[in-house]
There are 2 protein chains.
Amino acid sequence: MPKSTTAERILDAAQILFATKGFAETSLRHITSKAGVNLAAVNYHFGSKEKLMQAVFERTLTPFCDQLEKQLLTHAQSGGESLTLEELFGLMVSIADKVYGDDSKEFSRFMRLMGLAYTQTQDELRAFLGDRYGMVFKRFLVHIKLAAPEIPPKELFWRIHFALGSAVFTLASFGGLQELLRNDYKMEVGLPDVVKRLVPFMAAGIRGDVEK
Amino acid sequence: MPKSTTAERILDAAQILFATKGFAETSLRHITSKAGVNLAAVNYHFGSKEKLMQAVFERTLTPFCDQLEKQLLTHAQSGGESLTLEELFGLMVSIADKVYGDDSKEFSRFMRLMGLAYTQTQDELRAFLGDRYGMVFKRFLVHIKLAAPEIPPKELFWRIHFALGSAVFTLASFGGLQELLRNDYKMEVGLPDVVKRLVPFMAAGIRGDVEK
DNA sequence: CGTTGTTTTAAACGGATGTTTTAAACTTAC
DNA sequence: GTAAGTTTAAAACATCCGTTTAAAACAACG
């Protein structure tokens with residue numbers, strides 16, 4: 001099997017435990033014992049638990065954002081017309097697919113981490129994510145505005161957050177919902193299945209097919 | 001000022017702290033010092049931290065659910081036709097208005113608690129809420145199904161949770177979004193304003209105007 | 001008043017947490 | 001092969017946690 005460094009094993013274990021139990025509920029001893037390394041290794045390699053959390057996000061978020069920016073840029077330079085909402089969200093999905101492989105567990109974990117980042121009030125982490133990835137997010141918002149130019153800014157602002165909310169909420173609690181569906185409806189469903197329903201929901205919601 | 005019992009002061013403090021910091025991140029010492037009572041009072045009056053969490057939800061959730069059930073029942077008995085989605089969500093809004101008064105801070109806190117209950121992996125709390133309020137929720141789902149009979153169950157399941165997500169997410173972080181809107185767009189907006197946009201968004205999303 | 005039952009208080013308990021320390025083990029290069 | 005630098009190891013540190021104890025304060029009532 002491929003040898004992995006201590007730092008990598010810590011990141012792997014931490015990512016899984018953070019995603020399934022939350023930040024405060026996951027102790028360094030949990031992480032290090034799952035990773036099979038010494039307790040002190042966390043503070044040696046990362047400095048603190050807080051920095052470890054940031055490193056976990058850094059590792060999973062950076063490849064995704066880099067790819068997203070690159071593709072948006074090359075599309076803009078190729079002089080094509082602006083992307084539709086479905087294309088924009090579809091782009092995110094396909095990049096997530098590419099970056100996180102066919103391992104839907106990994107993708108699900110990533111989504112749960114994103115949900116936790118929004119939901120849990122980890123002030124330092126929030127600041128870190130804002131500093132590190134705020135620009136990417138704003139650039140993406142510009143594309144959304146281009147894709148829905150007829151919506152007044154204030155209205156668009158809220159619709160984006162309605163849509164964002166449905167995505168984060170659903171994907172963050174995906175495991176629980178999956179179980180609920182299994183118990184109440186005797187149905188199995190995978191993440192791609194839900195994403196396929198979610199993308200048009202978000203796109204139409206923002207575009208304003210929802211006009212009363 | 002109106003005298004309040006020790007148990008009430010604990011509930012008040014706990015509700016605020018839980019909503020702003022999360023369950024695991026809020027200690028009993030935080031709660032009791034904010035409430036101005038002795039540490040042991042929590043275990044004396046509620047038995048444990050877990051039971052306190054349940055009591056907080058009980059206090060804020062029960063009046064709302066009771067009212068909702070009563071109104072749905074009287075409507076059914078009056079022999080009227082089934083309610084539309086807009087009427088159903090509008091009913092929830094009006095009940096929330098009545099129960100939580102005009103205090104939009106309180107309403108926002110309540111929503112944040114609901115979001116945490118969904119997101120945070122508090123197994124015992126989840127079980128408690130399921131036992132205590134599962135039936136109310138299911139009865140409400142029946143009304144939604146009646147209002148959107150043409151949607152297959154599985155599809156409806158997910159659309160409901162998309163809509164639920166947009167509501168919980170948006171209203172739970174309403175304070176932050178309000179500030180963001182003020183800074184970036186120089187606009188002021190109140191809670192009723194957002195709810196007015198949210199209800200048709202949810203209704204249309206569930207009904208399936210979102211068909212691709 | 002004195003007794004009884006309830007509530008509050010201060011202190012301690014046992015355990016878990018993040019972090020630090022100090023020494024040992026391992027790598028790397030001269 | 002030894003010296004220097006890097007990584008791991010075990011143990012201890014200080015602090016915080018939820019909970020319990022036992023005594024004090026209070027309330028109600030005969």
| query | In terms of the nearest nucleotide of DNA chain D, which residue is placed more toward the 5' end: B:His30 or B:Gly47? | reply | B:His30
Length of the [atom1]-[atom2] vector between [X] and [N], whole Å:
X	N	atom1	atom2	result
B:Phe46	C:dT8	CZ	P	11 Å
A:Glu50	C:dG18	CD	P	12 Å
A:Lys51	C:dT19	NZ	P	10 Å
B:Asn43	C:dT7	CG	P	15 Å
B:Ile10	D:dT19	CD1	C1'	14 Å
A:Glu25	C:dT17	CD	P	12 Å
B:Ile31	D:dT19	CD1	C1'	14 Å
A:Met53	C:dG18	CE	P	11 Å

| request: Output yes when at least one side-chain N/O atom of A:Ser27 is less than 4.0 Å from OP1 or OP2 of C:dA16, else no. | output: no
Between the protein and nucleotides 7-12 of chain D, are there any N/O to N/O pairs under 3.5 Å, and if so, what are the atom names and distances?
residue	atom	partner	partner atom	Å
D:dT7	OP2	A:Tyr44	OH	3.1
D:dT8	OP1	A:Thr6	OG1	2.3
D:dT8	OP2	A:Thr6	OG1	3.4
D:dT8	OP2	A:His45	NE2	2.7

Salt-bridged, [X] to [Y], with N to O below 4.0 Å?
X	Y	value
B:Glu86	B:Arg207	yes
B:Asp193	B:Arg197	yes
B:Glu106	B:Arg109	yes

| message | Any base atoms under 4.0 Å from B:Thr26, or only sugar-phosphate, or nothing? Heavy atoms, all strands. | response | sugar-phosphate
Is it true that the side chains of [X] and [Y] contain a donor and an acceptor less than 3.5 Å apart?
X	Y	answer
B:Gln54	B:Arg132	no
B:Tyr44	B:Thr6	no
A:Tyr100	A:Thr60	no

| query | Between A:Thr5 and A:Glu8, is any pair of side-chain heavy atoms under 4.5 Å apart? | reply | yes
